[in-house]
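As structure tokens, the structure follows; a few thoughts come after it.
We use all heavy atoms of the structure for the numbers below, so side chains are in, but hydrogens, waters and symmetry mates are not. Convention: sequence-line order gives letters A, B, ...; per-chain numbering from 1.
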Amino acid sequence: MQDTLRQAISDALARFGLVAGEIALEQPARRAHGDLSSNVALTLAKQAQQPPRQLAESLAQQLNSAELSHVESVEVAGPGFVNFRLSDSWWQSVVEDVLTLGVDNYARLDFGQGIKVNLEFISANPTGPLHAGHARGAAFGDALAQILKRCGYDVSTEFYVNDQGRQLKLFAESLRAVKDGTPLPEDGYRGDYVVEWAQELNDEVDDLRRWARDKSLADQQQTLSKLSISFDRWFNESELVETGRVHALLEELLAQDKAYEKDGATWLRVSHYGDSQDRVLVKSNGDLTYLTPDIAYHADKLSRADQLIDIWGADHHDYVTRLKSALAAIGEDTSRVEIITCQIVKLMRAGTEVKLSKRTGDLISIDELIEDISSDATKFAYLQQTPDSHLTIDLDVLRESSMENPVYYVQYAHVRACAILRQAAQLGAAGSGAGAGGGTETEAGGSGTRLELLNHERELELMRLMRNLPDELQTACTARTPHRIVAWLKELASAFHGFYHDCRVTGNDVPEELTQARLSLVKAAQICLAIGLHLAGVSTPERM
RNA sequence: GCCCUCGUAGCUCAGGGGAUAGAGCGACGGCCUCCGGAGCCGUGUGCACAGGUUCGAAUCCUGUCGAGGGCGCCA
């Protein structure tokens with residue numbers, strides 16, 4: 001539709017000897033201004049050497065005489081906007097599109113062209129359960145993966161397990177100290193789970209670090225499965241070290257004089273590649289820094305995918321430049337590496353901020369969150385804002401209030417749609433003759449369904465939103481903003497509840513043909529709600 | 001001191017060059033002989049500040065103020 005209009009505008013402009021670059025078409029904030037609007041007359045006024053309003057009038061006249069399909073009228077408004085009013089038939093046809101394509105194929109885009117994207121997120125240390133600080137990256141990463149896939153990217157998700165560094169060593173030592181009743185090492189791990197896990201230690205455990213890692217991974221994986229988040233690959237840092245690849249990388253860097261020795265340590269000349277200073281690769285005590293295997297890890301990922309996306313917490317933003325400079329140093333194309341940082345989330349409970357501290361062991365685990373406010377609500381809560389926002393989540397409000405916790409509002413719309421379809425199926429089965437279709441299996445929308453009966457304002461609003469889904473999806477994908485989908489879902493749910501309130505589907509006082517048309521609409525809405533909920537990574541209940 | 005992000009309604013947040021800036025919550029007031037009331041409808045206030053760019057700025061640029069995060073041979 002939009003492409004058709006753009007072409008028409010372009011053709012009309014050509015008649016006046018004008019050439020536009022990008023022709024913007026957007027939905028006006030107010031419906032009174034039409035369904036679609038273009039500002040070409042404003043942007044081209046100078047080139048045309050006439051007032052924007054006058055150019056717009058000429059354009060509108062030209063477009064009106066072109067008799068474009070599904071276009072009711074073209075009007076000029078304001079300083080020179082060209083507004084298109086679309087016919088109901090355009091919105092009604094979305095019902096047919098949705099029913100024909102279904103959950104799997106409506107709003108399935110292909111601009112990703114099968115490009116291989118490797119998406120890494122969470123990558124928590126294997127030193128304990130996942131906690132609230134990981135939840136945003138988890139919800140964001142999972143939703144982004146779903147969105148990228150639906151846009152035609154070949155996505156593989158990955159969790160990097162840092163099982164070589166100081167943190168795991170420290171964690172293992174902490175477990176041992178708790179078990180033996182000796183003092184914790186400096187900066188050691190605290191918290192209830194440390195004590196619990198330490199009690200599970202016995203003499204059969206010969207490699208404490210490995211045991212601690214596996215214990216952590218098992219715990220984290222269980223939490224993720226509660227959140228319905230799965231990874232295509234869990235990548236152990238130790239794999240890079242043990243296969244000698246990190247060692248080979250170091251030798252190569254030294255041979256190329258990109259690394260050098262100083263003060264007993266080995267340094268990488270990242271300051272030549274954009275970083276503010278050189279960085280240590282091997283500490284003077286012989287240990288590797290986090291950076292060294294991470295370079296090898298990203299090089300490995302780059303050999304497996306066209307594009308990398310890393311999702312990090314904002315507390316690591318400083319590391320972005322360091323990693324990219326290091327990758328530039330080894331000759332990688334850093335434009336293939338995208339790093340998204342999510343801002344820290346502040347949690348409130350009982351009116352006060354919940355302080356999270358790894359140092360004191362004062363943490364809220366994701367398991368606790370799920371138990372407190374459910375898995376779907378946890379994911380949805382973290383998905384409502386841009387990753388850039390410094391959001392505050394009030395646990396009490398999430399638990400108690402239904403609209404601060406819109407996942408139920410949206411899911412309830414889906415439940416209602418299913419309930420109506422069930423009801424209709426029962427009535428049909430009762431032998432009313434016409435039959436309301438087979439409930440959720442209804443083929444409504446097929447031949448004979450009079451979609452033109454769907455002209456109530458509530459119905460039109462619902463259909464407009466369904467038409468928008470592909471656009472919303474594209475925006476959410478290219479801008480990496482899953483919250484767009486969530487915002488759209490809330491609007492669609494609202495439109496559905498309004499429709500439900502004002503437009504009865506079944507009943508003796510509803511003409512049979514209208515019932516059929518509305519059943520098609522309900523089925524289409526249910527499909528769209530399911531698509532959106534799926535993209536957000538939450539469930540689609542049929543009853544609540 | 002330097003770097004990143006943010007500052008929009010009483011609260012939590014959308015909107016990120018277009019026309020009269022939105023939603024939920026909270027507050028107040030309506031709607032059940034109704035396919036599930038976890039619902040629907042109505043009522044109010046607001047773009048931190050100052051310059052600049054533009055036909056047009058909440059949106060882009062600069063500065064000021066404020067908030068969060070970061071500036072390790074931690075990860």
| field | Touch class at under 4.0 angstrom, heavy-atom based, for A:Arg279 against every strand present | value | nothing
| query | With respect to the side chain of A:Gln167, which nucleotide from B:A14, B:G22, B:C74 is positioned closest? | reply | B:C74
| Is a side-chain donor or acceptor of A:Arg269 paired with a backbone partner of A:Ser271 at a separation under 3.5 angstrom? | no
| said: Please name the nucleotide paired to B:C49 by Watson-Crick or G-U wobble geometry with both distances under 3.5 Å, or report none. | reply: B:G63
| How is A:Val415 classified with respect to the nucleic acid when contacts are heavy atoms under 4.0 Å: base, sugar-phosphate, or nothing? | base
| task | Specify the separation, in whole Å, of atom CG of A:Leu288 and atom P of B:G72. | result | 20 Å
| RNA chain B: A:Gly498 or A:Ile393, which has the more 5' nearest nucleotide? | A:Ile393
| query | At what distance, to the nearest 0.5 angstrom, does NE2 of A:His414 lie from CD1 of A:Ile527? | reply | 9.0 Å
| If pairing requires Watson-Crick or G-U wobble contacts with both distances under 3.5 Å, which nucleotide is the partner of B:A9? | none
| field | Between P of B:A38 and OH of A:Tyr500, the distance in whole Å | value | 10 Å
| Hey, is A:Asp372 close enough to A:Arg399 for a salt bridge, meaning N to O under 4.0 Å? | yes
| Residue A:His390, side-chain heavy atoms: nucleotide from B:G70, B:G68, B:A38 that is nearest | B:G68
| If you measure from the C1' atom in B:A19 to the same atom in B:C25, how many Å do you get, rounded? | 30 Å
| field | Pair A:Arg458 + A:Glu461, salt bridge at N-O below 4.0 Å | value | no
| request: Please indicate yes or no: is the ring centre of A:Phe81 less than 5.5 Å from the centre of the six-membered base ring of B:G18, with the two planes inclined by under 30 degrees? | output: no
| said: Taking the basic N atoms (NZ, or NE/NH1/NH2) and the acidic carboxylate oxygens, is any pair closer than 4.0 Å for A:Lys301 and A:Glu158? | reply: no
| query | Between atom SG of A:Cys528 and atom CD of A:Gln526, what is the distance when rounded to the nearest 0.5 Å? | reply | 9.5 Å
| task | Would you mind classifying the nucleic acid contact of A:Arg458 as base, sugar-phosphate or nothing, using non-hydrogen atoms under 4.0 angstrom? | result | sugar-phosphate
| For the base of B:C73, is there a side-chain donor-acceptor partner from A:Ser284 under 3.5 Å away? | yes
| request: Provide the distance between the two C1' atoms, one in B:G16 and one in B:G30, to the nearest whole Å. | output: 38 Å
| query | Can a donor-acceptor pair under 3.5 Å be found between the side-chain atoms of A:Ser389 and the base atoms of B:A14? | reply | no
| task | Determine the contact category for A:Lys46: base if any of its heavy atoms lies under 4.0 Å from a base atom, sugar-phosphate if only primed atoms, P, OP1 or OP2 are that close, otherwise nothing. | result | sugar-phosphate
| NA contact type, A:Ala77, heavy-atom cut-off 4.0 Å: base, sugar-phosphate, or nothing? | base
| query | Within this structure, what is the CZ-to-P distance between A:Phe380 and B:A14, rounded to whole angstrom? | reply | 14 Å
| request: Would you kindly check whether a donor in the side chain of A:Asn39 faces an acceptor in the base of B:A19, or vice versa, at under 3.5 angstrom? | output: no
| request: Grab the CD-C1' distance between A:Glu472 and B:G15 for me, whole Å please. | output: 12 Å
| said: Any base atoms under 4.0 Å from A:Leu170, or only sugar-phosphate, or nothing? Heavy atoms, all strands. | reply: nothing
| Paired nucleotide for B:A27 [Watson-Crick or G-U wobble; both distances under 3.5 Å] | B:U43
| field | Spacing of the P atoms in B:U8 and B:A67 (rounded, Å) | value | 14 Å
| request: For nucleotides B:A21 and B:G44, find the distance between their C1' atoms and express it as a whole number of Å. | output: 15 Å
| note | Checking N1-N3 plus N6-O4 or O6-N4 for Watson-Crick, or N1-O2 and O6-N3 for wobble, each under 3.5 Å, the partner of B:C2 is B:G70
| said: According to a cutoff of under 5.5 Å between the ring centres and under 30° between the ring planes, does A:His33 stack with the base of B:A19? | reply: yes
| field | A:Asn285 (side chain) donor-acceptor with A:Asp287 (main chain) under 3.5 angstrom | value | yes
| How would you label the contact of A:His483 with the nucleic acid (heavy atoms, under 4.0 Å): base, sugar-phosphate, or nothing? | sugar-phosphate
| A:Asn83 near the nucleic acid: base, sugar-phosphate alone, or nothing, with a heavy-atom cut-off under 4.0 Å? | base
| remark: Assert: residue with more 5' nearest nucleotide on RNA chain B, out of A:Tyr412 and A:Gln384, is A:Gln384
| query | When you compare B:U59 with B:G1, how far apart are their C1' atoms, in angstrom units rounded to a whole number? | reply | 31 Å
| remark: Rounded to whole Å, NZ of A:Lys346 lies from C1' of B:C13 at a distance of 14 Å
| In whole Å, what separates the P atom of B:U43 from that of B:G22? | 13 Å
| field | d(CG, A:Asp287; P, B:C74) in whole Å | value | 9 Å
| Is A:Glu173 paired with A:Arg166 through a side-chain N to carboxylate O contact shorter than 4.0 Å? | no
| said: Under 4.0 Å, heavy atoms only, any strand: does A:Thr341 hit a base, just the sugar-phosphate, or nothing? | reply: nothing
| request: Taking only the side-chain heavy atoms of A:His501 (C-beta and beyond), determine which of B:U5, B:C31, B:C74 contains the nearest atom. | output: B:C31
| request: Compare the minimum distances between each of B:A67, B:C55, B:A38 and the side chain of A:Met544, then state the nucleotide with the smallest one. | output: B:A38
| message | Regarding A:Gln423, tell me which of base, sugar-phosphate or nothing describes its non-hydrogen contacts under 4.0 Å with the strands shown. | response | sugar-phosphate
| message | Rounded to whole Å, please give me the gap between OH in A:Tyr409 and P in B:U12. | response | 22 Å
| query | Aromatic rings A:Trp312 and A:Tyr319: how do their planes relate, parallel, tilted or perpendicular, breaks at 30° and 60°? | reply | tilted
| said: Say we look at B:G7 and B:A14: how far apart would their C1' atoms be, to the nearest angstrom? | reply: 15 Å
| message | Among B:U5, B:C13, B:C35, which nucleotide has an atom closest to any side-chain atom of A:Thr392? | response | B:C13
| said: Categorize A:Thr289 for me: base, sugar-phosphate, or nothing, with a 4.0 angstrom heavy-atom threshold over every strand shown. | reply: sugar-phosphate
| Looking across every strand, which nucleic acid part, if any, lies under 4.0 Å from A:Cys503 by heavy atom: base, sugar-phosphate, or nothing? | base
| query | Does OP1 or OP2 of B:G16 have a side-chain N or O of A:Arg484 closer than 4.0 Å? | reply | yes
| In whole Å, what separates the P atom of B:G37 from that of B:C41? | 14 Å
| said: Classify A:Thr321 by what it touches in the nucleic acid, base, sugar-phosphate, or nothing, heavy-atom distance under 4.0 Å. | reply: nothing
| query | Taking atom types as modelled, is there a side-chain donor on A:Tyr260 or A:Asp278 under 3.5 Å from an acceptor on the other? | reply | yes
| For A:Ala314, which contact category applies under a 4.0 Å heavy-atom criterion: base, sugar-phosphate, or nothing? | sugar-phosphate
| request: Give none if B:U20 has no partner; otherwise give the nucleotide forming a Watson-Crick or G-U wobble pair with it, both distances under 3.5 Å. | output: none
| query | Quick one: A:Arg416 CZ to B:C40 C1', roughly how many Å, whole number? | reply | 8 Å
